[in-house]
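Inspection log for the structure reproduced underneath, given as structure tokens.
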Amino acid sequence: MSYDPNNVFARILRGELPCKKVLEDTEILAFEDIQPQAPVHVLVIPKKSYATLNDFCEQASDGEIAALIRGAHRVAKARGVEQSGYRILVNTGPEGGQEVPHVHVHVFGGRRLGRMVPKPPESVSKTD
Ligand code: 5GP
């Protein structure tokens, strides 16, 4: 997946599209997901341009990587789910369900989140 500089998160970072900001520092921006799937659903993104987690892990500095994961924890704390529990998720590539080609961490919380990954329908199981 190549980096498209006009993806929605790049446009949010440039201020071309609005977002509901949760927190921001020099490395990261965290904002509310536009279609929340839980009472807390926040996206944390690095400010630099990485399309996927693969690119991020291969090209970002240790400091950038720490800032992103710490950003997810700071979001959980800021939104009051640090102790009740929460989930972070990074969809990567087509089978990982990634839609926006700017690496992002989802932070979900505020309810019981259920199964980590839904069971596939029998017909599409790769173990068949
Ligand atoms: P992915 O499937 O790539 O892991 O998740 C992309 C997420 O970005 C989805 O949860 C989707 O609702 C969210 N999203 C897509 N477009 C926008 C937007 O313009 N603003 C915000 N705040 N979230 C968006």
Side-chain angles (χ1 to χ4, degrees):
M1 188 179 282
S2 59
Y3 193 80
D4 171 5
N6 286 319
N7 76 73
V8 287
F9 296 169
R11 296 187 67 202
I12 285 171
L13 282 167
R14 290 197 296 267
E16 295 168 7
L17 292 175
C19 73
K20 290 185 183 168
K21 191 191 300 184
V22 176
L23 57 88
E24 180 175 18
D25 65 20
T26 55
E27 301 281 3
I28 59 136
L29 174 67
F31 53 94
E32 304 286 347
D33 195 289
I34 205 165
Q35 290 188 296
Q37 295 178 39
V40 173
H41 186 177
V42 176
L43 302 169
V44 191
I45 65 174
K47 288 191 169 175
K48 288 193 187 161
S49 304
Y50 302 101
T52 69
L53 186 67
N54 301 331
D55 298 332
F56 188 62
C57 288
E58 288 170 359
Q59 297 162 22
S61 68
D62 291 354
E64 289 173 89
I65 292 170
L68 190 67
I69 197 83
R70 287 207 164 100
H73 169 247
R74 287 168 60 206
V75 164
K77 208 167 179 172
R79 297 300 306 274
V81 296
E82 185 193 25
Q83 299 305 323
S84 56
Y86 59 100
R87 179 174 296 162
I88 68 173
L89 177 76
V90 182
N91 293 323
T92 307
E95 289 199 0
Q98 182 177 1
E99 291 175 359
V100 178
H102 182 115
V103 67
H104 49 282
V105 176
H106 295 256
V107 181
F108 300 104
R111 66 167 169 81
R112 286 201 176 272
L113 293 165
R115 291 184 66 90
M116 188 164 60
V117 178
K119 278 186 177 173
E122 294 300 321
S123 57
V124 297
S125 169
K126 282 198 161 180
T127 56
D128 285 351

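Just so we're clear, the structure is a prediction, and the values are computed from it rather than from any experiment.
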Side chain to side chain donor-acceptor pair (under 3.5 Å) involving [X] - partner list, sequence neighbours excluded:
| X | result |
| --- | --- |
| H102 | Y3 |
| R87 | none |
| Y86 | none |
| K47 | E24 |

Donor-acceptor list for residues 65-77 side chains, cut-off 3.5 Å, not counting sequence neighbours:
unit_1, atom_1, unit_2, atom_2, d
H73, NE2, E82, OE2, 2.9
R74, NH1, D25, OD2, 2.9

Is it the case that one hydrophobic cluster holds both [X] and [Y], taking links as side-chain heavy atoms less than 4.5 Å apart, direct or via other members?
| X | Y | result |
| --- | --- | --- |
| V8 | L13 | yes |
| V100 | F31 | yes |
| V90 | F9 | no |
| V105 | V81 | yes |

### Task
Would you please name every residue forming a side-chain contact (heavy atoms from CB on, under 4.5 Å) with Q83, sequence neighbours left out?
none

### Message
Strictly by salt bridge (Lys or Arg N to Asp or Glu O under 4.0 Å), give each pair with a member in residues 104-117 just once, sequence neighbours left out.
### Response
none

### Task
For residues 36-45, pull every pair meeting salt bridge (Lys or Arg N to Asp or Glu O under 4.0 Å), keeping only residues two or more places apart or in separate chains.
none

### Task
Considering only Ile, Leu, Val, Met, Phe, Trp and Tyr, and joining two whenever side-chain heavy atoms are under 4.5 Å apart, list the other residues clustered with L89.
F108, L113

#### Entry: Spacing of T26 atom OG1 and E64 atom CD [to the nearest 0.5 Å]
10.0 Å

### Value rounded to 0.5 Å, distance of CD1 in I34 from CG in L17
8.5 Å

### Query
Quick one: salt bridge (charged side-chain N to carboxylate O under 4.0 Å, His left out) partners of E58, sequence neighbours excluded?
none

### Query
Can you find a heavy atom in the side chain of T52 that is under 4.5 Å from one in the side chain of V103?
no

Got a list of side-chain donor-acceptor pairs under 3.5 Å for residues 35-46, not counting sequence neighbours?
unit_1, atom_1, unit_2, atom_2, d
H41, ND1, Q37, N, 3.0
H41, NE2, D33, OD2, 3.3
H41, NE2, H106, ND1, 2.8

### Query
More than 12 heavy atoms of other residues, nucleotides or ligands under 6.0 Å from CG of N6: is that the case?
yes

#### Entry: Q98 side chain to A51 backbone, donor-acceptor under 3.5 Å
yes

### Query
Does anything in residues 50-71 pair up under ring pair (Phe, Tyr, Trp, His ring centres under 6.0 Å), and if so which pairs, sequence neighbours excluded?
Y50-F56

